[in-house]
There are 2 protein chains.
Amino acid sequence: MNALLTSSQRQLVRVISESGPLSRTEMANLLGLSKAAMSGIARELIDLGVLHETETVYGQGRPSVRLDLHPECAFFVGISLLEDPAPMILSDLNGKIIARQAMPLSRDPQVIAQAITEGLPRLLEAHPQAKEKLSGIGVALSGFVDETQSNCVQSTLLGWQDVPLAKIIRECSGVETFIENDAKAVAVSEKLFGSAREIQSFSVVSLGDGIGCAHFIDGKLYRGNHGGAGEIAHCTIEPGGSPCRCGKRGCLDTVSSMKAIKEVSRAEGLECTSLSEIEHEASTGNAAAIRILHRAGSALGLAIANLIQMNDPGMILITHVEGSFDGLFGTVVNQAIETNVLPRYAGQTPIRVKRVDGDVWARGAASIAAHNFLIGPNSN
Amino acid sequence: MNALLTSSQRQLVRVISESGPLSRTEMANLLGLSKAAMSGIARELIDLGVLHETETVYGQGRPSVRLDLHPECAFFVGISLLEDPAPMILSDLNGKIIARQAMPLSRDPQVIAQAITEGLPRLLEAHPQAKEKLSGIGVALSGFVDETQSNCVQSTLLGWQDVPLAKIIRECSGVETFIENDAKAVAVSEKLFGSAREIQSFSVVSLGDGIGCAHFIDGKLYRGNHGGAGEIAHCTIEPGGSPCRCGKRGCLDTVSSMKAIKEVSRAEGLECTSLSEIEHEASTGNAAAIRILHRAGSALGLAIANLIQMNDPGMILITHVEGSFDGLFGTVVNQAIETNVLPRYAGQTPIRVKRVDGDVWARGAASIAAHNFLIGPNSN
DNA sequence: TTGATTTGTTCATTTTCTGAACTTAGTGTC
DNA sequence: GACACTAAGTTCAGAAAATGAACAAATCAA
């Protein structure tokens with residue numbers, strides 16, 4: 001099932017992946033191909049089991065038959081190295097999670113590869129066809145990943161420097177493997193499976209202990225010249241502010257990350273260990289809690305507003321790990337975005353919020369493998 | 001000469017435009033084509049007069065012959081509507097200015113079209129072959145231009161709203177015409193003719209009475225979802241700062257644009273009408289001048305640093321109209337960039353500075369027409 | 001039932017690319 | 001200077017991919 005698709009086949013798969021089920025004629029028009037060519041390519045993909053006919057649409061003339069990706073034409077395993085135990089899921093081509101389990105996290109790549117290899121049979125146990133049609137493994141981690149999606153250039157969390165993790169897992173498990181940064185993996189997942197399917201340019205801002213960010217530009221994940229695109233966490237947001245672990249001062253990370261919020265709370269004498277608790281304190285009128293959330297929310301909103309000004313994305317997706325986003329913090333973020341965006345564009349950029357858990361990261365990881373199956377590695 | 005090139009021909013033209021003269025074999029490898037296919041396509045383009053053989057490179061085996069774009073295979077007219085009188089130039093495919101003149105500026109699109117139509121014969125007078133091979137007209141203006149490069153969506157300077165300028169000029173002059181925003185035109189010009197030929201992702205920050213910005217991302221001009229990418233001027237840089245004409249407060253525009261610098265100088269009682277004079281005052285120790293330049297420079301530097309953090313471009317090109325960039329202002333800008341970029345990436349992003357005059361804008365305008373000749377309108 | 005209408009298929013033809021053999025124009029060695 | 005060696009570029013038959021036009025199929029509308 002690793003069969004490489006021809007470039008026309010991939011174009012077709014891509015357009016369906018973006019727009020959902022389409023008739024042959026619609027696709028021919030979208031791709032600028034003749035009906036004759038479309039007919040042939042569609043036939044090939046149906047024979048390969050990648051596409052299948054879905055509903056029939058009646059209008060004037062002969063009804064059209066919509067083609068869609070066959071969700072069970074390929075399966076993917078996704079693993080998130082963001083928590084311990086590490087979630088490990090099996091997903092189909094719709095991003096639906098078919099099976100899940102967990103594996104112990106390690107800092108030793110070899111041990112990780114071993115754990116994955118041992119976990120695979122159990123994950124696939126009850127799904128014989130997934131076993132047969134397993135297309136690849138995706139791994140999401142916190143850190144920098146090179147553009148081949150094979151090497152982890154640097155990860156503070158895992159203590160890595162130039163680790164060829166994909167190769168190690170591939171050799172150990174015998175399955176094609178790709179790795180990706182966590183925020184970028186979620187962005188790909190949203191593009192393939194989620195709310196960004198039809199949006200060509202959007203950004204994901206992922207809020208957790210740290211702050212991550214990824215950009216899709218003109219339908220492609222944009223990594224930047226040195227792989228550093230999306231380093232919103234170290235945008236200076238409070239010039240001359242608190243020192244950051246990166247070496248400079250006033251980074252967004254020092255103000256708006258969950259870690260920073262909790263640290264500041266502790267320093268201010270609040271007995272809170274989670275965002276929800278701080279939110280609760282704020283709702284009861286605790287001035288310190290209100291101040292902290294205001295400061296963090298304004299900073300994040302300002303950074304996002306600047307991102308909108310710079311790049312004019314078609315959507316911003318804010319993912320957050322803890323608590324909810326409908327308290328004071330979320331309100332302030334949204335307000336700050338509105339007040340710092342050109343009035344002309346205010347409200348023009350949809351801001352979506354999504355609470356994520358381990359499954360979302362793992363699904364994001366799986367989507368990296370799915371992307372390689374659908375679009376190909378040279379993201380062309 | 002408006003003959004549409006086939007898609008393979010355009011690919012080839014594009015790769016030469018990016019990398020300079022290449023041998024057939026090198027291009028075949030770069031494009032993933034067979035030597036046989038390359039041979040044919042190169043022959044076609046040579047026969048069309050688009051390519052020509054240049055130097056011969058000796059090594060082991062048969063020497064290779066580099067092919068390059070024939071600079072005189074097409075000519076372009078570029079007009080800048082940024083000043084009065086408006087510069088109008090004739091350029092070849094290398095961006096070399098062959099002839100120049102000026103025309104009166106107007107706010108009436110019809111009058112502009114008329115002036116261009118009347119100016120054309122004079123511009124082409126001494127260049128019969130340019131007359132024959134004139135491929136298109138490009139117009140640079142301050143304002144928003146839609147993605148078809150035909151309509152000016154909005155221009156404060158010209159007082160326009162949804163003006164189909166390209167169509168008007170095309171119909172009046174009979175020559176294919178494209179329009180573009182000034183900063184974007186300079187970005188295209190740098191990509192085609194200038195220092196960014198081989199850089200896939202870079203940003204231009206243009207410093208004048210206002211502040212403009214344009215991004216090239218993965219080899220393509222990126223316009224953003226609503227055509228608003230690059231609105232760095234209205235990034236909030238001093239939260240709660242001075243009101244901006246856009247309606248919000250503390251925009252970069254209110255601090256670092258030439259207009260703002262001059263206004264603040266006047267308000268502070270400095271008798272200066274140009275940046276050079278303020279620089280001179282600063283160099284003699286005038287505290288107000290030093291303060292103004294520091295504030296403006298830090299703000300611009302911070303904005304550029306944030307841009308680097310967000311997008312990790314391969315180069316930043318700062319263009320400025322007045323004075324020089326090696327005084328206090330430029331120094332502060334560079335310092336502010338350095339201190340606000342992740343230490344890991346500090347110094348990794350080349351910052352280039354270029355002083356521009358009317359010719360540069362007009363050449364940028366011409367490059368829009370050249371881009372449409374070389375790469376095609378659907379910038380694919 | 002008939003005609004209009006639009007989808008999708010078939011097939012001969014054209015266009016585009018490939019693989020392999022070949023020609024060409026040099027360098028290096030004895 | 002003759003000879004092998006090397007790599008660039010060409011040629012040409014054949015494969016692959018796309019097209020255009022004719023046609024078959026499936027419905028609605030009258």
Side-chain angles (χ1 to χ4, degrees), chain A residues 3-16 19-70 375-376 378 380, chain B residues 3-16 19-70 375-376 378 380:
Chain A
L4 293 163
L5 305 179
T6 67
S7 90
S8 339
Q9 287 173 337
R10 266 215 294 275
Q11 273 192 294
L12 203 156
V13 161
R14 177 177 207 156
V15 85
I16 291 191
S19 312
L22 292 170
S23 73
R24 293 168 173 84
T25 309
E26 287 169 322
M27 285 189 281
N29 294 336
L30 275 170
L31 297 177
L33 287 175
S34 65
K35 287 192 296 173
M38 260 310 307
S39 188
I41 297 167
R43 160 60 45 92
E44 292 161 18
L45 285 171
I46 289 171
D47 289 349
L48 280 169
V50 176
L51 293 186
H52 66 162
E53 301 195 332
T54 59
E55 85 257 66
T56 307
V57 180
Y58 299 93
Q60 246 180 352
R62 173 171 169 178
S64 59
V65 179
R66 294 223 170 109
L67 301 180
D68 199 4
L69 292 170
H70 192 102
I375 319 284
N378 31 359
N380 217 344
Chain B
L4 294 162
L5 304 179
T6 68
S7 89
S8 338
Q9 287 173 336
R10 265 214 294 275
Q11 273 192 293
L12 203 156
V13 162
R14 176 176 206 157
V15 84
I16 291 191
S19 313
L22 292 170
S23 73
R24 293 167 172 86
T25 309
E26 287 169 322
M27 285 188 281
N29 293 336
L30 276 171
L31 297 178
L33 287 175
S34 64
K35 287 194 297 173
M38 259 311 307
S39 187
I41 298 167
R43 161 60 46 92
E44 290 161 19
L45 286 170
I46 290 172
D47 288 350
L48 279 169
V50 175
L51 293 186
H52 66 161
E53 301 195 332
T54 58
E55 85 257 65
T56 306
V57 180
Y58 300 93
Q60 250 182 347
R62 175 171 167 176
S64 60
V65 180
R66 294 223 169 109
L67 301 179
D68 198 3
L69 292 170
H70 192 103
I375 319 283
N378 32 358
N380 216 346

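In what follows, chains are A, B, ... by sequence order, proteins preceding strands, each numbered from 1. Here the structure is a predicted model, which means the values were calculated and not measured.
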Whole Å only: how far is the CG atom of A:N29 from the P atom of C:dT6?
-> 13 Å
Non-hydrogen side-chain atoms of A:V50 and A:L69 separated by less than 4.5 Å = yes
Interatomic distance where CD belongs to B:Q60 and P belongs to D:dA4 [whole Å] = 17 Å
Can you find a pair of side-chain heavy atoms, one from B:E26 and one from B:S64, that are under 4.5 Å apart?
-> no
Short side-chain N/O contact to D:dA8 OP1/OP2 from B:S23, under 4.0 Å = no
Heavy atoms of A:M38 and A:R24 approach each other most closely as CG-O, 3.7 Å
For A:G40, which contact category applies under a 4.0 Å heavy-atom criterion: base, sugar-phosphate, or nothing?
-> nothing
For atom NZ of A:K35 and atom P of C:dT6, their distance in whole Å = 11 Å
For B:I41 and B:S8, which heavy atoms make the closest approach, and how far apart are they?
-> CD1-CB, 3.6 Å
Between atom CE in A:M38 and atom P in C:dG8, what is the gap in whole Å?
-> 9 Å
Does B:L12 reach the side chain of B:L33, with side-chain heavy atoms less than 4.5 Å apart?
-> no
Given D:dT19, D:dT11, D:dT10, the nucleotide with the shortest approach to the side chain of A:A37 | D:dT19
State which of D:dA18, C:dT18, D:dT19 makes the closest approach to the side chain of A:S34.
-> D:dT19
May I ask you to evaluate whether B:R62 reaches the phosphate of C:dT27, defined as a side-chain N or O under 4.0 Å from OP1 or OP2?
-> no
Taken to the nearest whole Å, CG/B:L33 to C1'/C:dT16 is 10 Å
Sorted by position of nearest nucleotide on DNA chain D, 5' first, the leading residue of A:G61 and A:T6 is A:T6
Length of the CD-P vector between B:Q11 and C:dC17, whole Å | 8 Å
Atom pair distance, as rounded to whole Å: CZ in A:R43 and C1' in D:dA18 = 18 Å
D:dG9 OP1/OP2 closer than 4.0 Å to side-chain N/O of B:S39 | no
For B:S64 and D:dA8, is the shortest distance between a side-chain N/O and OP1 or OP2 below 4.0 Å?
-> no
Residue A:V65, side-chain atoms from C-beta onward, closest of D:dG9, C:dA20, C:dG8 | C:dG8
Length of the line joining B:L67:CG and D:dA8:P, which is rounded to integer Å = 13 Å
